[in-house]
Amino acid sequence: MEEDKRWALVSEVGGDFGYLEELADVLKQHFQLISYREFLENPALHGPKVQVLFCWKYLPAAEPSLLRALPSLKLVASGGVGIDHLDVPFINSLGAKVANTPGVVSDATADHAMGLLLASARKILEGHQIAVDPKTIHIPQSLMGVEVTGSTLGIIGMGEIGYKIAQRSKGFEMKILYHNRTRRRADDEQAVGAGYCCSLDDLLRSSDFVVIAVKLTADTTGLIGQRELSLMRHTATLVNISRGLVVDQDALVHALRSGTIRAAALDVTHPEPLPRDHPLLGLNNVLITPHIGISTDATARAIVEKMVENALAAVRGLPVPNEVKLQ
């Protein structure tokens, strides 16, 4: 019955920043939902009811002021893998847990990484624009891309997403190198034909395409800067599907303008979206998508279902399947 359902706070249902109706229906099967707008109308009334904060695409923002207004909070359930937008120790100090949704996002994100790589290499967007331009009367011979098959791919971050990118790259007969904090098992490497680089510098020097698939941490913030870009081949392409802050964007602009690297393909920037006058938006050797690596119908539904699974466990006092525990 509706009155037996626990209360959960969400951004909104519908609208540009809310849940699609079909995804909200998954939440409504198990929880009484209150939107952030409704919550703000009477925080004193609604705050004590809320036991779960569903954080979808970073909203509602888990600010300390909001969290302190939720004295019954048991879980912040975040959609996706990254938790850089959450202060886990602070949330834990309030007696609440944090959970994310690993696994279910990996295939879609890896697919998107390959899509960015291929689109950049083969100038697919430029080709589309020429093909549909009403002024086009002939196809320019100068629209030349670079070869993907047989090229060398360097993957920075060989977790689940990085490994799935390697699996897909094997089908293009790419030579695969990777750099990771810890080396994968020998059988993992053999399955995709990946070679381990102890040094990030060696990977950068050797790769035609560099894909970044790391989590954003203090150690990875600014991981790719002017020095690292200068080590890359001038024919190389940088693909980032992790977080915008992993790359020094000022250094990237300089590298793209100067020809230090050939191109960049980005699903993430900082901020998102970029200011409309940001120099990255004016470069013809940059492809940018608006952080849509996990944006498929099937993946979105799987994320929400996993969020619900974590939330139900938390409110029932059971172990949370995907609880985030900082070491």
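We number each residue from 1, following the sequence as shown. These numbers come from a predicted model, not from an experiment.
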Is there a side chain to side chain donor-acceptor pair (under 3.5 Å) between His85 and Ser78 once you walk through the steps?
-> CA-CA 10 Å; His85 59 297; Ser78 183; 3.1 Å; yes

If only side-chain N and O atoms count, and only distance matters, is there a donor-acceptor pair under 3.5 Å linking [Y] with [X]?
{"X": "Ser242", "Y": "Asn240", "result": "yes"}
{"X": "His112", "Y": "Thr289", "result": "yes"}
{"X": "Thr235", "Y": "Arg262", "result": "no"}

What are the two closest heavy atoms between [X] and [Y], and how far apart are they?
{"X": "Ala255", "Y": "Ser258", "answer": "O-OG, 3.4 Å"}
{"X": "Asn322", "Y": "Lys306", "answer": "OD1-CD, 2.9 Å"}
{"X": "Val315", "Y": "Lys74", "answer": "CA-CD, 3.7 Å"}
{"X": "Pro48", "Y": "Ala44", "answer": "CD-O, 3.3 Å"}
{"X": "Val239", "Y": "Ala113", "answer": "CG1-O, 4.1 Å"}
{"X": "Ile288", "Y": "Val286", "answer": "CG1-CG1, 3.4 Å"}

Run the numbers on Lys175 and Asp208 for salt bridge (Lys or Arg N to Asp or Glu O under 4.0 Å), then give the verdict.
-> CA-CA 10 Å; Lys175 178 182 178 182; Asp208 298 304; over 6 Å; no

Do [X] and [Y] land in one hydrophobic cluster if side-chain heavy atoms of ILVMFWY residues count as linked below 4.5 Å?
{"X": "Leu283", "Y": "Ile224", "answer": "yes"}
{"X": "Leu94", "Y": "Leu9", "answer": "yes"}
{"X": "Tyr178", "Y": "Val211", "answer": "yes"}
{"X": "Phe39", "Y": "Val13", "answer": "no"}
{"X": "Val268", "Y": "Ile161", "answer": "no"}

Using the ring of each side chain (for Trp, its six-membered ring), is Tyr196 parallel, tilted or perpendicular to His179, with breaks at 30° and 60°?
-> parallel

Can the ring centres of Phe54 and Phe31 be said to be less than 6.0 Å apart?
-> yes

Between Lys135 and Asp133, does a salt bridge (Lys or Arg N to Asp or Glu O under 4.0 Å) hold up when you go through it step by step?
-> CA-CA 5 Å; Lys135 298 178 182 178; Asp133 190 335; 6.0 Å; no

Please assess Asp107 against Arg168 for the test salt bridge (Lys or Arg N to Asp or Glu O under 4.0 Å), listing each intermediate value before the final yes or no.
-> CA-CA 10 Å; Asp107 281 321; Arg168 286 150 176 75; 3.0 Å; yes

Is the count of non-hydrogen atoms from other residues, nucleotides or ligands lying under 6.0 Å from Arg122 atom CZ greater than 12?
-> no

Tell me, yes or no, whether the heavy-atom count around His46 atom NE2, taken from other residues, nucleotides or ligands under 6.0 Å, exceeds 12.
-> yes

Does the distance from a Lys or Arg side-chain N to an Asp or Glu carboxylate O, for Glu22 and Arg301, drop under 4.0 Å?
-> no

Are Leu75 and Val98 close enough that some pair of their side-chain heavy atoms sits under 4.5 Å apart?
-> no

When rounded to the nearest 0.5 angstrom, what distance separates NZ in Lys164 from CG in Asp111?
-> 9.0 Å

